[in-house]
There are 2 protein chains.
Amino acid sequence: MPQSTKESPYHHGNLRQSLIDAALELIAEKQDAKTLSLREVARRVGVSHAAPYRHFADKEALLAAVAEEGFHLLLDYLHRAMVHIDEPARRLQASGVGYVRFAIAHPSHYRVMFSTLQVDYLNYPGLNEAGAKAFAVMVDEIMAGQAAGQMKTGDPQKLAWVSWSLVHGLSMLLIEHQLPLTDEQDIEALAEFATQSSMEGLRLGDGP
Amino acid sequence: MPQSTKESPYHHGNLRQSLIDAALELIAEKQDAKTLSLREVARRVGVSHAAPYRHFADKEALLAAVAEEGFHLLLDYLHRAMVHIDEPARRLQASGVGYVRFAIAHPSHYRVMFSTLQVDYLNYPGLNEAGAKAFAVMVDEIMAGQAAGQMKTGDPQKLAWVSWSLVHGLSMLLIEHQLPLTDEQDIEALAEFATQSSMEGLRLGDGP
DNA sequence: CAGTAATGTTGTCAGTGTAAACATTTAGGG
DNA sequence: CCCTAAATGTTTACACTGACAACATTACTG
């Protein structure tokens, strides 16, 4: 693969990924995913305004690719957060912290992941699968927690929705600057506290 | 105020609110706030495409008005959910259920409230204030709960963020059809369960 | 080495947000 | 009551966008 080093070769060589990267850059600069223009992305990459259509059916498809990349990254964060932890309940909590950590580390990805979505999800099998995999992490830990007698019984999916809702809501609020927190330490601490609380709520206890 | 009943009077009479209503209609039809066009709103109302600019500085301002209306509605739901309940912890939980109930009853409002937001919030004092008022409901109940010795000590805002995150996340997931629930009963039950769990997590207990 | 598939470009079109100039109606003070 | 100013709507115009079609260049495969 003779990567041309000439000034501006007719073929870009890696346009698909470059477009994804440029989109993320622009979203980060404007702190806004909804005003992103495909033509601007093309300009940023230094390519004609129609070139992106050779790699993406339409603008939405580009955003779907960004979202999918985001889910792969998220999965990574979840796994890294849980490694070296054994107790299922604590693993679940750690994954929650990892989730929030991902969101604040990759806000542009996160914005696209959860504002593009709507119906589309199903139109992009890769995206759909990546999302499902991330969600499955939580479900798995909950099932393990139940098996170990650490967590409330009941539909594991339902319990997972509750956990997911918490970290998703927290991430959204943080990313959209709804919470006046900027220091990373404070954010981590809040995430720790929130997931800890949620955990206690889902724990098997003497209940009401 | 001689409301003209002629075919199409030059002056609409109530254009501002009609635009808000039409915007909500269109968002509901497309299940999507981001593809809304100002010109389409104008067409729906039967007015020229520049008429909206007599009432809103730009498209964003119209959406801000929709969001503000949404927050007033939300406040209503919160209050109605708590009335007739005395115990602060249970009031907080009920408000959470009310929150979710609002979101699924007024998804178009909700979509605008939490996708327009970004920086803008501060640019629209009315919106900002309405949002703060809704959030304050949760903070107040938490403070009451702490005073009554029912809830964990600590910054009430921080506890409120946790509660808010949960119901916000749950609402988002429900509205964007990320959770395969459609029956209103099931949704209510999930909201009950989630807020109940969260409540137990925040409750004063023998915790670790 | 030929010719086809892949990739990028130019030109075009309808639709959008917004501003400016113009038109109509309403309201209030003489 | 009239007459003018403010409020409200309309028309026209412009730059920008997403998307498509026709064309140009390059890469790859038999």
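Both backbone and side-chain heavy atoms feed into the values below; hydrogens, waters and symmetry mates do not. Per chain, numbering begins at 1; letters A, B, ... match sequence-line order.
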Partners meeting side-chain contact (heavy atoms from CB on, under 4.5 Å) with Thr195(A) (sequence neighbours left out): Gln93(A), Val97(A), Val167(A)
Residues in side-chain contact (heavy atoms from CB on, under 4.5 Å) contact with Lys158(A), at least two apart in sequence or another chain: Asp155(A), Trp161(A), Leu190(B), Phe193(B)
By the salt bridge (charged side-chain N to carboxylate O under 4.0 Å, His left out) test, which pairs, at least two apart or in different chains, include something from residues 88-99 of chain A? Arg91(A)-Glu141(A)
For each nucleotide in nucleotides 12-20 of chain D, reading 5' to 3', give B when a protein heavy atom comes within less than 4.0 Å of its base, S when such contact involves only the sugar-phosphate, and - otherwise. BB---SBBB
For residues 130-139 of chain A, please give each side-chain donor-acceptor pair under 3.5 Å, one per line with the distance, not counting sequence neighbours.
none

Starting from [atom2] on [N], measure out to [atom1] on [X] and report it in whole angstrom.
{"X": "Phe56(A)", "N": "dG8(C)", "atom1": "CZ", "atom2": "P", "answer": "11 Å"}
{"X": "Arg54(B)", "N": "dA6(D)", "atom1": "CZ", "atom2": "P", "answer": "14 Å"}
{"X": "Arg16(B)", "N": "dT8(D)", "atom1": "CZ", "atom2": "P", "answer": "11 Å"}

Using atom types as modelled and distance alone, determine if a side-chain donor or acceptor of Glu188(B) lies under 3.5 Å from a backbone N or O of Arg101(B). no
Would you tabulate the nitrogen or oxygen pairs shorter than 3.5 Å linking the protein to nucleotides 3-6 of chain C?
none

Regarding Ser197(B) and Lys152(A), do their side chains bring together a donor and an acceptor under 3.5 Å, going by distance alone? yes
Ring-plane angle category for Phe114(B) and Tyr110(B), please: parallel below 30°, perpendicular beyond 60°, tilted otherwise. tilted
Check for me whether the distance between the ring centres of Tyr77(A) and His106(A) falls short of 6.0 Å. yes
